[in-house]
Amino acid sequence: MMSGRDRKRIAVIGGGPVGSLQACFLAKKGFQVDIFESREDIRKAEEVKGRSMNLALSVRGTTALKHVEVEEKVVSEGVRMDARRIHTPDGKLYSIPYGKNGQYLVSLDRRKLNETILTAAEKLDVGLHFNHKISRFDLETGEMMFQGPDGQEVTAKADLIFGCDGAFSTVRRQMMRSIRFDYSQTYIPHGYMELTIPPKNGEFAMDVNFLHIWPRNEYMMIALPNADKSFTCNLFMPFDMFESLKTEEDIMKFWHENYADSIPLIGEENIKQTLLNTEALSMISIECSPYHHENTCVIMGDAAHAMLPFYGQGMNCGFEDCIIFNELMDKYKDDFSLVLPEYTQIRSPDAKAICDLSMYNYLEMRASVNSSWFLFRKKVDNLLHWLMPGRFIPLYTMVTFSRIRYHVVIKKWQRQDKLINSALFAMMGASTLGVSYLAARKAAFYLNGHLSLHDLTVALTGAMDFFSKSLGN
Ligand code: FAD
Ligand code: EGU
């Protein structure tokens, strides 16, 4: 442990889930850590607006929380989800467990989670500076400028700056201006809107330990349970659809067609008022590189890799960032000039992979996923896993319930996909050949009463042609 003059000062910009967790990791290592957060202390705030109210925590997240001994508390404040519950348009319900081995997700209140980690950081002697919004800083000297609590300018200085200031990161923007930095962002045509299902007679209005899903191709709704016995629903829909629902009649017609079973739960008045009076929020995917500058600055969490929420991995991935960074600190005995470049090198292919997977899942859900398709796909996945437990692991299992590096997840998935496709094609090929043979025999029988070698050859080459064309695609 360092002390006195040698003790390195670290500034963490952003006291969201990732910033506060990274501060805990660093404080445990003996650094002098300060968090600068633009908003007021959420533990005293009336209400946090904006971001979706609850989040699904999975293995990558829980593993990181264990490192700083907050996992138990966080999980105890959440609600476990052992399975998905699919709601069909006509109100039928189906359940598909997340796994056979007691695998589950935990639905967390965003605010409570943030409060718990901030309090843990405070106990580790992290300095908390709320109402400090970073405006600019010097990448070489570590001098930072903040807009302070009363609008006055405040300065501070650190040996290392962590940009954990979210998708619209100021730290990242400064890096973009100062160094050779790649950046790309994509907004999708969909927006999301939050609705609440209040408790019914003091109890959960739907079965509690589920992630509820209403898959409807381009419109999708999901609901996660809260500890206060309510559910938070998220409606995902193209912005122009949101805009086309102008009157109470439009809204209720749409709701009756798609989410009829949720009307008595959310309440008709609640649905109308929410749709008429709230703005749909946008979703963005951001990839950039590098994540660091020399030995002075590094970005983490959404600041480095904002992703679409369709795998429930944004925060989990940000938490895993902290594990990776910490492991490199151990490996290089806290030498920032070695840790930072290797952090970029190791982490960027994985962050890119989960950003891509989240985008892919969005495109797939939007294009083809209704209730039957969702159920069918999950059943096929489970069947294949049951047939070849060693060779086939469903994609969501690798993403959600393992710590396999995200870029390796994609590789394994592609390999599995090839395996499945060739198995499918082999089956298709065999049946095509069989059917052709029978057809040729039947034709031959009608024509001249017996099967000539010529007829058989024509049928077989036709089948082979079809087979090879299909394989070629
Ligand atoms: P943020 O949570 O954005 O925190 C950044 C912090 O920095 C904020 O407190 C902000 O006030 C502060 N800040 C910003 N600018 C400045 C500045 N200039 N100076 C000082 N401070 C600043 N992830 C999951 O793992 N599971 C899910 O189920 C899930 N569901 C989601 C559902 C939706 C609809 C959305 C939109 C996202 C979801 N996510 C989910 C993603 C998750 O919300 C994010 O990945 C996560 O919040 C990232 O944490 P962060 O700390 O990096 O950034
Ligand atoms: C979206 C918004 C179900 C929280 C993808 C599953 C999500 C979450 C799924 C949100 C879906 C979608 C998976 C998990 C999870 C599913 C997953 C999505 C949590 C493929 C609070 N997604 N999410 N897939 O399998 O792997 O249950 O806002 F609806 S958890 Cl879109 Cl596992």
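Indexing begins at 1, ligand by ligand and atom by atom, following the structure's order. When reading the values below, keep in mind they use all heavy atoms of this one structure, side chains included, and skip hydrogens, waters and symmetry mates. Counting begins at 1 with the first residue of the sequence.
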Side chains of Glu287 and Tyr183: any donor to acceptor distance under 3.5 Å? no

Is it the case that Asp109 and Asn226 place a side-chain donor and acceptor less than 3.5 Å from each other? no

Salt-bridge present ([X], [Y]; N to O < 4.0 Å):
X      : Y      : answer
Glu122 : Arg43  : yes
Glu115 : Arg111 : yes
Asp159 : Arg9   : no
Glu320 : Arg347 : yes
Asp82  : Arg80  : yes

Proximal atoms of ligand 2 relative to [X] (non-hydrogen, under 4.0 Å):
X      : answer
Asn234 : 21 (C), 28 (O)
Met365 : 31 (Cl)
Thr400 : 26 (O), 32 (Cl)
Phe310 : 5 (C), 12 (C), 31 (Cl)
Leu105 : 30 (S)
Met220 : 29 (F), 31 (Cl)
Arg84  : 16 (C), 25 (O), 27 (O)
Ile222 : 1 (C), 2 (C), 4 (C), 7 (C), 8 (C), 10 (C), 28 (O), 29 (F)

Mind checking whether [X] contacts ligand 2 via backbone (N, CA, C, O), side chain (CB onward), both or neither, at a 4.0 Å heavy-atom cut-off?
X      : answer
Leu395 : neither
Phe236 : side chain
Asn361 : side chain
Tyr98  : side chain

So between [options], whose heavy atom ends up nearest [atom]?
atom                    : options                       : result
atom 1 (P) of ligand 1  : Ser58, Ala56, Ser38, Gly166   : Gly166
atom 5 (C) of ligand 1  : Pro309, Ser107, Gly14, Cys164 : Cys164
atom 50 (P) of ligand 1 : Asn114, Val12, Leu55, Val18   : Val18

So, using salt bridge (charged side-chain N to carboxylate O under 4.0 Å, His left out) as the criterion, who are the partners of Glu71 when residues are at least two apart? none

With respect to Asn54, determine whether any N or O atom, backbone or side chain, lies less than 3.5 Å from an N or O atom of ligand 2.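 No; every N/O pair is 3.5 Å or more apart.
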
Over 60° means perpendicular and under 30° means parallel, so tell me whether Phe146 and Phe36 are parallel, tilted or perpendicular.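 It falls in the parallel class, under 30°.
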
Where does the angle between the aromatic ring planes of Tyr343 and Tyr291 fall among parallel (under 30°), tilted (30 to 60°) and perpendicular (over 60°)? tilted

Heavy-atom contacts with [X] under 4.0 Å: which atoms of ligand 1 show up? List them by number with element.
X      : answer
Arg110 : 43 (O), 47 (O)
Gly301 : 52 (O)
His132 : 19 (N), 20 (C)
Gly314 : 23 (N), 24 (C), 25 (O), 41 (C), 45 (O)
Phe36  : 20 (C), 21 (N)
Ile13  : 19 (N), 20 (C)
Arg39  : 8 (C), 9 (O), 11 (O)

Assess the residue pair Arg136 and Glu153 against the criterion (salt bridge (charged side-chain N to carboxylate O under 4.0 Å, His left out)); give the C-alpha distance rounded to whole Å, side-chain angles, the decisive distance to 0.1 Å, and a yes or no. CA-CA 11 Å; Arg136 61 204 148 88; Glu153 222 172 50; 3.4 Å; yes

For Lys157, give me all partners under side-chain contact (heavy atoms from CB on, under 4.5 Å), at least two apart in sequence or on another chain. Glu143

Compute the shortest N/O to N/O distance between Phe236 and ligand 1 and return yes if it is under 3.5 Å, no if not. no

Quick one, Arg60 and Ser402 - any side-chain contact, counting heavy atoms below 4.5 Å? yes

With a 4.0 Å cut-off on heavy atoms, does Ile213 reach ligand 2? yes

